[in-house]
Protein chains: 2
Amino acid sequence: MAIDNATDPAAPPGLRERKKQRTRNTLIRCALELFTAKGYEATTVDEIAAAADVSQRTFFRYFANKEEVALSLQAVEEEYALAALLARPAAEGPLTAVRNGATASWGPIRRAIAEVVPVTLHLRMQRVIESTPQLLAARLRRLGALEERLAAELARREGLDPALDPRPRVLVAACCGVMRAAARVWSEDENAGLDDLVELMTRHLDQLAPALADDWRTGR
Amino acid sequence: MAIDNATDPAAPPGLRERKKQRTRNTLIRCALELFTAKGYEATTVDEIAAAADVSQRTFFRYFANKEEVALSLQAVEEEYALAALLARPAAEGPLTAVRNGATASWGPIRRAIAEVVPVTLHLRMQRVIESTPQLLAARLRRLGALEERLAAELARREGLDPALDPRPRVLVAACCGVMRAAARVWSEDENAGLDDLVELMTRHLDQLAPALADDWRTGR
DNA sequence: GAGATTATGGCAGCCGCTGACAATTGACAA
DNA sequence: TTGTCAATTGTCAGCGGCTGCCATAATCTC
């Protein structure tokens with residue numbers, strides 16, 4: 001029996017598969033360029049399809065809707081974020097693992113993104129997402145789903161039943177909420193780069209414990 | 001000069017204003033009944049308009065889109081939540097104020113909702129929102145906007161510059177994240193009531209500090 | 001009650017999105 | 001190489017969300 005590309009993911013991809021991947025990347029790049037140039041809502045799916053030289057129907061075979069192409073690189077980020085937590089040594093405590101996972105994920109994320117589009121385009125797109133209500137909403141929902149997966153992993157690490165102990169959920173929810181707040185602040189500065197985002201997030205995470213103290217005056 | 005309804009909000013509403021309010025409430029009630037009966041996506045704006053006995057065009061004069069009518073009661077909740085924080089005495093610390101504001105808001109919220117639709121309908125709708133991707137996304141975005149307002153109020157209470165000190169944002173983000181996690185868990189139990197939701201939220205909030213401890217074993 | 005204001009309905013039309021069918025292209029084996 | 005099968009694509013028709021436009025009808029003001 002010859003190599004079965006359908007079942008063996010390690011097999012070298014055939015022409016068909018490579019072509020599909022190329023079409024998909026082209027669609028993403030064209031879409032992000034149009035979105036960042038003239039805005040998300042002002043960009044038509046027909047325009048994206050035309051720019052990528054496929055029919056509108058084909059676009060919808062690659063992406064379920066216009067949102068999905070806009071957030072396709074965020075989906076990549078999410079996978080790497082989860083993988084980063086899975087890679088933390090078991091010796092690390094929950095909070096430390098979440099924190100170290102977050103900081104360690106940015107390198108791989110940057111490289112993976114760069115394979116598809118220029119990183120600067122992706123950064124500009126982040127701001128479009130943050131300032132487009134529909135996109136921001138969809139992004140927050142995805143982050144919610146990611147939270148669930150992170151919490152499940154945390155519960156597994158600590159040997160807890162996620163249905164009973166709320167601490168994994170609580171910790172993840174708190175950290176993700178804080179990081180989102182950092183991202184919101186970051187997106188308001190047009191010139192901030194990826195490193196600035198990472199630094200802002202860690203600074204915000206460091207404020208978590210102090211912020212929970214019920215008297216903010218004692219600390220200073 | 002007679003009473004000027006356009007500029008004096010305290011003036012008794014005329015026939016026109018009362019009729020508008022009635023139409024709006026009817027639209028909300030019809031929409032929620034249809035959404036809970038046959039699902040959000042399966043319900044057409046034409047059907048809602050027909051049930052409320054207005055034209056589709058009129059529906060869109062009351063609500064910017066189908067999402068808005070689905071989340072109109074959540075918008076009410078948000079206003080009361082903010083008002084509850086504003087009403088906390090200045091002596092309370094930030095965390096205490098957030099916590100007490102949250103618990104104190106539920107009474108007024110329940111009463112305000114009951115003026116428009118039966119509370120059970122609203123509770124059923126909460127679960128539809130939680131299980132409908134598009135609605136959940138929109139709700140999370142609104143909560144994000146609420147977070148900003150809450151953080152701004154917290155900064156004002158403590159006399160801080162919200163642009164400089166991240167603690168208001170961090171505290172609000174953490175608490176809101178935790179409460180959202182509670183709401184997600186709650187919505188999975190078909191028979192849980194409003195009181196159960198409140199109790200679950202406070203239980204989750206109480207877990208915030210323990211969850212941040214980096215060793216979960218010491219505590220038990 | 002006349003005239004100004006405002007709410008409503010009907011219509012045409014754009015855009016996001018989907019199902020169905022036919023045509024094309026790549027994969028695999030005889 | 002060629003024939004067959006499966007996957008990919010384009011075209012077309014159509015639905016639902018949503019908007020601008022204009023005419024009509026209901027309220028409000030004097």
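Proteins come first, then strands; the chains are lettered A, B, ... in the order of their sequence lines, and each starts at number 1.
Between C:dG9, D:dG10, C:dA7, one nucleotide has an atom nearer to the side chain of A:S55 than all others, and that is D:dG10. Side-chain proximity of A:R57 to the nucleotides D:dT11, D:dC21, D:dC18 is greatest for D:dT11. Taking every side-chain heavy atom of A:R61 into account, D:dT9 is the closest of C:dG9, C:dG16, D:dT9.
Here the P atom of nucleotide D:dT8 and the CZ atom of A:F60 are 19 Å apart, to the nearest Å. For A:E67 and C:dG16, the CD to P distance is 12 Å, given to the nearest whole Å. For A:Q21 and D:dT8, the CD to C1' distance is 15 Å, given to the nearest whole Å. If you measure from atom NZ of A:K20 to atom P of C:dA27, you get 11 Å, rounded to the nearest angstrom. Note: CD (B:E17) to C1' (D:dC28) measures 12 Å, nearest angstrom. Between the CG atom of B:D46 and the P atom of D:dC15 there is a distance of 12 Å, rounded to whole Å. Remark: C1' of C:dG9 and CG of B:L27 are 14 Å apart, rounded to the nearest angstrom. In this structure, B:E41 places its CD atom 19 Å from P of D:dC15, rounding to the nearest Å.
Under 4.0 Å is where a charged nitrogen must lie from a carboxylate oxygen, and between B:R149 and B:E78 no such pair does. A salt bridge is defined here as a Lys NZ or Arg NE, NH1 or NH2 lying under 4.0 Å from an Asp or Glu carboxylate O, and B:E33 with B:R124 fails to meet this definition. With salt bridges taken as basic N to acidic carboxylate O contacts below 4.0 Å, one links A:R203 and A:E199. Classification of A:R127 and A:E130 as a salt-bridged pair fails, no side-chain N sitting under 4.0 Å from a carboxylate O.
Checked by distance alone, A:R16 brings a side-chain donor or acceptor within 3.5 Å of a matching partner on the base of C:dT25. For A:R18 and C:dG26, a side-chain-to-base donor-acceptor distance below 3.5 Å is absent, hydrogens and geometry of angles not being considered.
In terms of position along DNA chain D, the nucleotide closest to B:Y40 lies nearer the 5' end than the nucleotide closest to the other residue of the pair B:Y40 and B:K19.
Residue B:F63 is out of contact with every strand shown, counting any heavy-atom pair closer than 4.0 Å. Using a 4.0 Å heavy-atom cutoff across all strands shown, B:Y62 reaches sugar-phosphate atoms only and no base atom.
Here the side chains of B:P94 and B:R157 are not in contact, with every heavy-atom distance at 4.5 Å or above. You'll find the side chain of A:Q74 stays beyond 4.5 Å of the side chain of A:L146, heavy atoms only.
Heavy atoms of other residues, nucleotides or ligands lying less than 6.0 angstrom from CG of A:D53 number 12 at most.
Contact check of residues 125-145 of chain B against DNA chain C (heavy atom, cut-off under 4.0 Å) returns no residues at all.
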